[in-house]
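Only one structure is covered here, and it is reproduced in the block below.
Along the sequence shown, the residues carry numbers beginning at 1. Remember, it's a predicted structure, so these values are computed and weren't measured experimentally.
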Amino acid sequence: MLTLCIDIGGTKIAVALADPGALADPARTLVYNATRPTPSGVAAERVWDVVSAMIGDALRAAGGRVTAAGIACAGPVDLAAGTVSPINIPAWCRFPLRDRVSAAVPGVPVRLAGDGLCMALGEQWIGAGRGAGFLLGMVVSTGVGGGLVLDGAPYDGRTGNAGHVGHVVVEPDGSRCACGGRGCVETVASGPSMTRWARANGWLAPPAAGAKELAEAATAGDGLALRAFERGARALAAMIASVAAVCDLDLVVIGGGVAKSGSLLFDPLRAALTDHVGLDFLAGLRVEAARLGGDAGLVGAARLAGFG
């Protein structure tokens, strides 16, 4: 039997079918996978029309074998109400996503969670965090997001928004964040934030250059680009140490566009982490690169449905 998986973000919408029995070969877990761009600047129903059509295609491909459904969606989410208010999909303010999906798959249990939590679940299930009991999954890209798996189970908190680690404060007098706060790690370590800092300090690059070009410059030995990555890595290390101490973590898995820079990010991050982690119970804390790429949210949504 199959699980319907849905992953909705500000850039793309993905709908898949997962075979929970194929875990011996992670590449075979998703037996159907479709992706479409997320419509921008349109009414809420227009966005839903895209999701609904993709669900219909997946159900036809499943041939009646769907027994559960899991949804990963950009947040904030409201689990009690089953609604979502993704910052990057402004048309969806308190949109009743869970009820809409339930109506599309009548008689099938449906579970909803934030996309950061689903990413963490996917990596903990069959990715870089396979088997870890206490894990923080992170995406470092346009923003910094995350999710927690504690004692082997997803931890969504009081409202469903636990794990918003991008808004851990690392610079009390730092820059304003899009969330309305000040000094969040996202204002230092996200791709756009690192690029802005490099430009403000004299990095010369074309106007459209972003984190990818910053990484290329750092790889070529550009001092300012290297400092931007080191500054972002130190901020991430401070945040990770704080969350690890609170949640007694044993593993942190990092994915996203900035993480694709590899050693440019991970080497200074691991080095800085040694300065922040002093408690004996955190001595074995590991930081690893994610393995599931863009499928992590879908795989995590399938795993989420299994906790129903």
Side-chain angles (χ1 to χ4, degrees), residues 1-23 26-36 38 48 50-52 54-59 61-62 65-79 82-84 86 89 92 95 97-102 104-105 108-130 135 137-139 145-149 152-156 160-163 253 255-256 290-308:
M1 306 308 289
L2 301 174
T3 299
L4 176 69
C5 318
I6 303 167
D7 186 6
I8 300 172
T11 302
K12 70 173 184 177
I13 298 167
V15 176
L17 296 169
D19 177 2
L23 295 186
R28 295 177 53 233
T29 301
L30 298 181
V31 297
Y32 168 95
N33 194 342
T35 302
R36 290 179 61 177
T38 304
W48 169 250
V50 173
V51 179
S52 178
M54 295 178 73
I55 291 173
D57 291 342
L59 293 178
R65 292 179 292 155
V66 170
T67 57
I71 311 167
C73 188
V77 303
D78 184 336
L79 289 189
T83 63
V84 299
I89 310 178
W92 274 14
F95 186 79
L97 182 59
R98 187 175 59 202
D99 288 349
R100 292 294 186 91
V101 174
S102 294
V105 286
V108 171
V110 176
R111 286 206 64 180
L112 166 69
D115 54 357
L117 176 57
C118 287
M119 176 270 183
L121 266 180
E123 291 289 345
Q124 191 264 350
W125 195 22
I126 60 172
R130 193 165 190 163
L135 174 145
M138 291 174 51
V139 175
L148 292 163
V149 177
Y155 181 75
D156 43 32
N161 293 289
V253 175
R291 294 180 188 166
L292 298 182
D295 290 337
L298 290 168
V299 173
R303 180 60 171 153
L304 179 76
F307 282 94

Side chain to side chain donor-acceptor pair (under 3.5 Å) partners for [X], two or more places apart:
X: N161; value: T159
X: D99; value: none
X: D295; value: N33

[X] side chain to [Y] main-chain N or O, any donor-acceptor pair under 3.5 Å?
X: R98; Y: L79; result: yes
X: T29; Y: A18; result: no
X: E123; Y: L292; result: yes

_Any residue meeting ring-ring contact (aromatic ring centres under 6.0 Å, His included) with W92, in chain and number order, not counting sequence neighbours_ =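 With sequence neighbours excluded, W92 shows a ring-ring contact (aromatic ring centres under 6.0 Å, His included) to F95, given in chain and number order.
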Flag the pair [X] / [Y] as yes when at least one side-chain heavy-atom distance between them is below 4.5 Å, and no otherwise.
X: I6; Y: L97; result: no
X: M54; Y: V50; result: yes
X: V84; Y: L112; result: yes

Which residues satisfy the side-chain contact (heavy atoms from CB on, under 4.5 Å) test with [X], sequence neighbours excluded?
X: Y32; answer: L17, A34, D57, A58, A61
X: A153; answer: F307
X: A113; answer: L117, C118, L304
X: T67; answer: M1

*With sequence neighbours excluded, tell me which residues meet salt bridge (Lys or Arg N to Asp or Glu O under 4.0 Å) with R100.*
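Applying salt bridge (Lys or Arg N to Asp or Glu O under 4.0 Å) to R100 gives E45.
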Please set out all donor-acceptor pairs under 3.5 angstrom arising from side-chain atoms of residues 69-77, sequence neighbours excluded.
none

